[in-house]
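A short worksheet on the structure shown next.
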Amino acid sequence: MKIGITNLKGGVGKTTISQNLAVCFASMGFKTCIVDTDTNQNSLAWSGVRDEGLANITVVGATDAKALGKTVENLHRDYEVVIIDGTPSLSEMTTRIILSSDMLIIPILPSAHDFRAMQPFFERYEQAKEFRSDIPAYFLINQFSHSGNIYKGMREAIGNFGLEVLKSNVNKRAAYVETALDGRGVYESGDNKAKSEMVELTKEILEKAENLGLIKISES
Ligand SMILES: Nc1ncnc2c1ncn2[C@@H]1O[C@H](COP(=O)(O)OP(=O)(O)OP(=O)(O)O)[C@@H](O)[C@H]1O
Ligand SMILES: [Mg+2]
């Protein structure tokens, strides 16, 4: 399956979520790769410092929007899980990512400013749906921190965009910053809370993928 991690807003966690999902899928035994579409090539650099003894994750840089579809299709022949790490630039690339993915995960920070910044992404999403009508997309709340009822209101506000919000949240934790430095995911860290929230998220995505007919979990 091909999972696009995208949002035109910068710094919402596209790269962090891509890498951490890749680590979980690879650790579960899925043959996994990341397609890094951002010109800063953060995921490519991350794979460069990743210890060889850890679960194998191939990272491929793909900054040419026109070639993305083919790159993703070719990789999908060899990899069960292809994760596309998105770019924040207002470019053709985002439309290509949307069209190349079986499902989209849209990380969003729980702030009013971030909701307002969603509009350009939605314009791209609606445009892309003229070419392919069925592109399942889910919001993922990143950098969540428990501080009152404000989040219930925010979940409802995000829901108003008409897309489902995943039940799993990713909390704000030092483990995400620390593990990124040496090519790991939190699944490979000593932070059990971080680890279990990523496992929950991966399982929720797998369940969606199975319901959409994208993957058969029992065979993996
Ligand atoms: N759940 C989290 N807890 C703590 N820090 C986080 C979390 N998610 C992301 N970060 C940090 O926030 C910053 C931005 O995250 P990241 O680079 O993943 O976002 P991005 O959407 O890929 O950014 P860009 O648009 O520049 O590609 C990074 O420093 C990252 O370590
Ligand atoms: Mg990034």
Side-chain angles (χ1 to χ4, degrees), residues 3-24 33-50 57 59-63 65 68 82-98 101 104-111 113-121 124-125 137-147 151 154-155 158 165-202 204-205:
I3 309 175
I5 315 290
T6 182
N7 186 339
L8 282 163
K9 180 83 174 53
V12 292
K14 297 179 288 293
T15 299
T16 304
I17 303 297
S18 297
Q19 294 168 355
N20 277 283
L21 282 178
V23 166
C24 282
C33 73
I34 298 177
V35 180
D36 188 350
T37 68
D38 200 350
T39 46
N40 68 22
Q41 302 277 274
N42 271 337
S43 282
L44 204 56
W46 172 84
S47 76
V49 294
R50 185 167 165 79
I57 298 165
V59 181
V60 176
T63 51
L68 183 74
V82 180
I83 294 175
I84 310 172
D85 178 7
T87 166
S89 64
L90 244 182
S91 66
E92 190 190 346
M93 184 57 101
T94 297
T95 307
R96 300 273 177 172
I97 294 171
I98 296 170
S101 300
L104 300 173
I105 305 292
I106 309 163
I108 183 164
L109 303 182
S111 82
H113 175 64
D114 275 73
F115 300 153
R116 284 192 288 272
M118 285 303 301
Q119 202 52 41
F121 173 80
R124 293 262 154 185
Y125 182 60
Y138 308 94
F139 281 115
L140 168 64
I141 303 180
N142 183 29
Q143 300 226 26
F144 181 85
S145 64
H146 297 274
S147 59
Y151 293 108
M154 287 195 166
R155 269 190 164 269
I158 310 173
V165 186
L166 292 175
K167 284 194 207 79
S168 320
N169 294 318
V170 175
N171 283 265
K172 189 177 173 75
R173 296 179 196 279
Y176 289 101
V177 183
E178 286 163 12
T179 52
L181 294 173
D182 61 2
R184 284 176 299 151
V186 294
Y187 186 80
E188 297 155 334
S189 77
D191 186 331
N192 287 332
K193 286 184 178 164
K195 211 169 156 169
S196 69
E197 79 187 3
M198 276 315 301
V199 170
E200 281 308 304
L201 173 64
T202 308
E204 189 177 359
I205 292 171

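Predicted model, so just to flag it, every value in this text is computed and none were measured. Remember, it's 1-based here, ligands and their atoms both numbered in the order they're listed.
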For N171, atoms of ligand 1 separated by under 4.0 Å from a heavy atom: 1 (N), 2 (C), 3 (N)

Residue, atom name and distance, where the atom is the protein heavy atom closest to atom 31 (O) of ligand 1: V177 CG2, 3.7 Å

Closest non-hydrogen atom pair, C33 against I57: CA-CG2, 4.5 Å

Mode of D38 contact toward ligand 1 - side chain, backbone, both, neither (heavy atoms, under 4.0 Å): side chain

Heavy-atom gap N42 to ligand 1 smaller than 4.0 Å: no

Atom 17 (O) of ligand 1: nearest protein contact (heavy atom, Å): T15 CB, 4.1 Å

Backbone or side-chain N/O/S of T15 under 2.8 Å of the Mg ion (ligand 2): yes

Nearest neighbour in protein (non-hydrogen) for atom 19 (O) of ligand 1: G13 N, 3.0 Å

G11 touching ligand 1 at heavy-atom level, < 4.0 angstrom: yes

Point-to-point distance, once rounded to the nearest 0.5 Å, from OG1 of T94 to CZ of R124: 6.5 Å

Any E188 side-chain heavy atom under 4.5 Å of T179 side chain: no

Contact partition for N142 relative to ligand 1, non-hydrogen atoms under 4.0 Å: side chain

Side-chain heavy-atom pair I5, D85 within 4.5 angstrom cut-off: no

N or O contact, Y176 vs ligand 1, cut-off under 3.5 Å: no

Minimal non-hydrogen separation, T6 against L104, with atom names: CG2-CD2, 3.9 Å

Point-to-point distance, once rounded to the nearest 0.5 Å, from CD of Q41 to OG of S47: 9.5 Å

Close side-chain approach of K195 and S189, heavy atoms under 4.5 Å: no

Heavy-atom protein neighbour under 4.0 angstrom from atom 29 (O) of ligand 1: no

Heteroatom distance test (I17, ligand 1): nitrogen or oxygen, under 3.5 angstrom: no

Minimum-distance protein heavy atom relative to atom 4 (C) of ligand 1: R173 O, 3.2 Å

Interfacing atoms of ligand 1 (cut-off 4.0 Å, heavy-atom, G10): 25 (O)

Close-contact set for ligand 1 against V170 heavy atoms, below 4.0 Å: 1 (N)

Side-chain heavy-atom pair N7, M118 within 4.5 angstrom cut-off: yes

For L181 against V49, the heavy-atom pair lying closest together: O-CG2, 3.7 Å

Atom 13 (C) of ligand 1 touched by protein heavy atom at under 4.0 Å: no

Value rounded to 0.5 Å, distance of CD1 in I17 from CD1 in I83: 10.5 Å

Any side-chain donor near an acceptor of the partner, E197 and S168, under 3.5 Å: no

Residue, atom name and distance, where the atom is the protein heavy atom closest to atom 18 (O) of ligand 1: T16 OG1, 2.5 Å

Nitrogen or oxygen of N40 less than 3.5 angstrom from that of ligand 1: no

Heteroatom distance test (G86, ligand 1): nitrogen or oxygen, under 3.5 angstrom: no

Structural part of K14 in contact with ligand 1, heavy atom criterion under 4.0 angstrom: both

Closest protein heavy atom to atom 11 (C) of ligand 1, given as residue, atom name and distance to 0.1 Å: Q143 NE2, 3.8 Å

Approximate separation, where rounding is to 0.5 Å, of N42 CG and T87 OG1: 10.5 Å

Euclidean distance, Y176 OH relative to D191 CG, rounded to 0.5 Å: 8.0 Å

